[in-house]
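First the structure, in the form of C-alpha cells, and then the observations on it.
Quantities reported herein were computed from a predicted structural model and do not represent experimental measurements.
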Amino acid sequence: MTDSQRLTDKLVQNAKPIAGKSRTFILDTVIGEDATLPGSFGLRITARGAKSWVAVCRVADPTGPDRRKQRYVTLGRYPALSLAEARERAREVLKEAGKGIDPVEVRAEEKRAKASIISVDNAVDEFIERYAKKHTRSWKETERVLKTYALPKWKGRALPSITPADIHQILDPLTDDGKAYMANRLLATVRKFFNWCKQRQWIKDVPTEGIAPPGKEQARDRVLDWDELVDVWKATEQIGWPFGPFIRLLIVTGQRRSEVSNMKWDQIDLDGSLWTLPKEETKSDRLHQVPLSPMALEIINALPKTSDYLFSTTGTTPISGFSRAKKELDKLSEVSGWRIHDLRRTVASGMAENGIAPHVIEKVLNHSSGQISGIAAVYNRHAYLPEKERALATWANALTAAIEGQTDNVVPMKA
C-alpha cells in the first residue's frame with residue numbers, strides 16, 4: 001500500500017507498517033511536487049518494521065523505443081541514512097534517470113567493478129607464485145621483504161588504493177633507522193611487484209613511479225679480524241644446533257648463506273670430499289663444486305640426518321630466522337657491526353693474505369668479478385678443483401691455528 005505525505009523526521013521515526021501488508025510505502029510529497037525530477041522518493045517499511053529509503057523512476061526500455069520500465073533503487077537503511085541525506089541521494093538518482101541513465105545498471109556495474117578489484121595480499125600471493133618462483137632464484141627473499149615490510153601496512157586494502165604516500169610510509173622507518181640498503185631493496189621489490197600488477201591490468205598507475213632510492217648505500221668493506229672471527233666461532237659453539245654448525249660451515253667454506261642453508265645430503269660426496277651445487281641453486285646460474293676440507297667434513301659428519309636438508313628444523317624446509325640467531329651471536333661474541341654476508345669477504349681476505357691467487361679465490365666463491373673474463377671466460381672450462389681444494393685447505397689450516405691460539409702460524413687479516 002502506498003501513501004503520500006510530507007515526510008518529516010518525527011513521522012519517519014514513528015511510522016509503522018500496515019497490518020497484513022508485506023510492505024508499506026510512504027511517498028514524499030516534497031520531491032513528488034518537483035516537476036524537474038522524473039520520479040518519486042519515499043520510505044519503505046517491511047512487515048517486521050525495517051525501514052529503508054527508495055527512489056522510484058522510469059527509464060527507457062532497450063526492447064522498444066517507446067517503452068519505459070520502472071526502477072526501484074534502494075538508497076540506504078533508516079536510521080543509518082537520515083531523511084535529509086536520503087532526499088539528496090534521491091535527487092541525484094532521479095536526475096540520472098532524467099538524462100536517460102539507468103541507475104540500477106550503474107550501481108550493478110559499480111558492484112561488478114568493486115568485486116573485480118584484487119586486494120594487496122592476494123596480489124602478493126599471485127606475484128610470488130606466478131612470477132617470483134618461476135623467474136628468480138631469490139623468490140624467498142622477495143616474499144620475506146613484501147610480507148615483512150609491506151603487507152603489515154597494506155593487508156586487506158584494494159590494490160589500486162596504494163599511493164606514493166603509502167610507499168614512503170614503509171620506506172621512511174628503514175631510512176630513519178639508518179637501514180639504507182634495506183630501504184633500497186624494499187623499493188626495488190615493490191616497484192617490480194607493482195609493474196607486474198600493471199602488466200596484468202590490475203592497476204592503471206604504478207605508485208612507485210618517480211620515487212628515488214631513499215638512501216645512499218655505502219659499499220660494504222667489513223672484514224672481521226682474527227680475534228673477532230675466533231670470538232664469533234666460539235659463540236657458535238654456545239648457540240648449538242642448527243645455527244652454530246651452520247655459521248661455522250659458512251666460515252669454513254666461504255659460500256653464500258642461501259647456498260649453505262639449502263644444502264642437501266644428496267649434494268654431498270663424503271668419500272670424495274666434495275659438495276656439488278646444481279646451477280639452479282647458485283646465484284651465478286652455473287654448476288659449482290666446493291671441495292670439503294677435513295674441517296668442513298668434521299662439521300658435516302656431526303650433523304643429525306633427519307631431513308633431505310643438512311639444516312632444517314621442520315624436516316621439510318631449510319632453516320630460517322637468521323636475524324634472531326645473528327642477535328644471539330652478537331651478544332655471545334661481543335662482536336657487532338657485521339653481517340652474515342661479511343663472512344664471505346672475511347674468507348676471501350684471509351685467503352688472499354695467505355697467498356691464494358685472486359682468480360682462485362674467485363672460483364672458490366663462485367664469483368664473476370672479472371679476474372677471468374672475455375674470451376677466457378667463454379673457453380676456460382677448467383673447474384680449478386685442485387686449486388680450490390688447496391685454497392680451502394690453506395684457509396682451514398689458518399682458521400684452526402687462530403682458534404687454537406697458535407698466533408705464530410696466523411697471517412693477520414687487514415680490515
Side-chain angles (χ1 to χ4, degrees), residues 120-121 123-128 130-155 157 159-200 202-203 205-224 250 255-262 282-285 320-327 330 336-346 348 365-370 415:
V120 175
D121 30 319
V124 166
D125 289 341
E126 288 285 306
F127 174 69
I128 297 300
R130 296 184 179 276
Y131 177 81
K133 285 186 178 181
K134 294 180 180 179
H135 299 283
T136 61
R137 283 181 295 276
S138 58
W139 68 267
K140 291 183 180 179
E141 177 63 10
T142 298
E143 182 179 44
R144 185 194 72 80
V145 168
L146 289 172
K147 292 188 175 182
T148 300
Y149 299 105
L151 282 190
K153 296 287 186 181
W154 302 343
K155 188 173 179 63
R157 287 185 54 180
L159 185 64
S161 73
I162 304 301
T163 67
D166 294 308
I167 304 298
H168 287 294
Q169 185 184 32
I170 63 173
L171 296 177
D172 288 346
L174 290 171
T175 55
D176 292 345
D177 288 345
K179 299 177 180 177
Y181 177 86
M182 190 65 247
N184 290 349
R185 297 291 75 72
L186 175 58
L187 176 59
T189 301
V190 296
R191 177 178 285 131
K192 183 178 292 185
F193 164 67
F194 282 112
N195 283 330
W196 182 82
C197 291
K198 185 177 181 180
Q199 291 174 3
R200 299 184 73 84
W202 289 343
I203 55 175
D205 301 311
V206 175
T208 55
E209 190 71 33
I211 297 181
K216 184 177 180 181
E217 297 179 22
Q218 299 292 330
R220 293 287 298 178
D221 57 3
R222 177 77 160 95
V223 172
L224 279 68
L250 285 177
Q255 303 309 301
R256 294 180 177 88
R257 185 186 77 178
S258 61
E259 293 166 349
V260 175
S261 64
N262 283 279
T282 67
K283 185 177 180 180
S284 60
D285 195 28
S320 58
F322 303 106
S323 296
R324 292 190 299 273
K326 173 62 167 54
K327 288 180 181 178
D330 288 352
S336 60
W338 65 283
R339 299 175 184 166
I340 291 178
H341 188 74
D342 294 335
L343 295 176
R344 274 169 64 80
R345 188 179 300 104
T346 300
L365 301 182
N366 200 19
H367 265 174
S368 297
S369 60

> Can Arg200 be said to sit on top of Tyr131's aromatic six-ring, NZ or CZ under 6.0 Å from centre and within 45° of the ring axis?
Replying inline: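 That pair does not qualify as a cation-pi contact.
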> Would Lys326 count as a cation-pi partner of Trp338, with NZ or CZ less than 6.0 Å from the six-membered ring centre and within 45° of the ring normal?
Replying inline: yes
Validation row: [X], [Y] side chains within 4.5 angstrom (heavy atoms):
{"X": "Pro214", "Y": "Asn184", "answer": "yes"}
{"X": "Phe193", "Y": "Thr142", "answer": "no"}
{"X": "Arg256", "Y": "Arg344", "answer": "yes"}
{"X": "Leu186", "Y": "Lys179", "answer": "no"}

What pair of heavy atoms forms the shortest contact from [X] to [Y], and how long is it?
{"X": "Phe322", "Y": "Ser261", "result": "CZ-CB, 3.9 Å"}
{"X": "Pro164", "Y": "Ile211", "result": "O-CD1, 4.1 Å"}
{"X": "Leu151", "Y": "Asp121", "result": "CD2-CA, 3.8 Å"}
{"X": "Leu365", "Y": "Ala348", "result": "CD1-CB, 3.8 Å"}
{"X": "Ala123", "Y": "Trp196", "result": "O-CZ3, 4.2 Å"}
{"X": "Arg345", "Y": "Asp342", "result": "NH1-OD1, 2.7 Å"}

Which side-chain N or O atoms in residues 165-173 pair as donor and acceptor under 3.5 Å with protein atoms at least two apart or in another chain?
unit_1: Asp166; atom_1: OD1; unit_2: Arg157; atom_2: NH1; d: 3.1
unit_1: Asp166; atom_1: OD2; unit_2: Arg157; atom_2: NH2; d: 3.1
unit_1: Asp166; atom_1: OD2; unit_2: Thr163; atom_2: N; d: 2.9
unit_1: Asp166; atom_1: OD2; unit_2: Thr163; atom_2: OG1; d: 3.1

Interatomic spacing from [atom1] in [X] to [atom2] in [Y] - rounded to 0.5 Å:
{"X": "Lys198", "Y": "Thr208", "atom1": "NZ", "atom2": "OG1", "answer": "10.0 Å"}
{"X": "Phe194", "Y": "Glu209", "atom1": "CZ", "atom2": "CD", "answer": "12.5 Å"}
{"X": "Ser161", "Y": "Ile203", "atom1": "OG", "atom2": "CD1", "answer": "10.5 Å"}

>> Let's go through Leu146 and Phe127 carefully: what are the C-alpha distance in whole Å and the side-chain angles of both, what is the deciding distance for side chain to side chain contact (heavy atoms under 4.5 Å, CB included) to 0.1 Å, and is it a yes or a no?
In response: CA-CA 10 Å; Leu146 289 172; Phe127 174 69; 4.0 Å; yes
> What residues, two or more places apart in sequence or in another chain, satisfy side chain to side chain donor-acceptor pair (under 3.5 Å) together with Lys133?
Replying inline: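 Lys133 satisfies side chain to side chain donor-acceptor pair (under 3.5 Å) with Glu129 only.
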> Is the side chain of Arg339 donor-acceptor paired with the backbone N or O of Arg222 at a distance under 3.5 Å, no angle test?
Replying inline: no
>> Evaluate Glu141 against Arg144 for salt bridge (charged side-chain N to carboxylate O under 4.0 Å, His left out), listing each step before the verdict.
In response: CA-CA 5 Å; Glu141 177 63 10; Arg144 185 194 72 80; 2.8 Å; yes
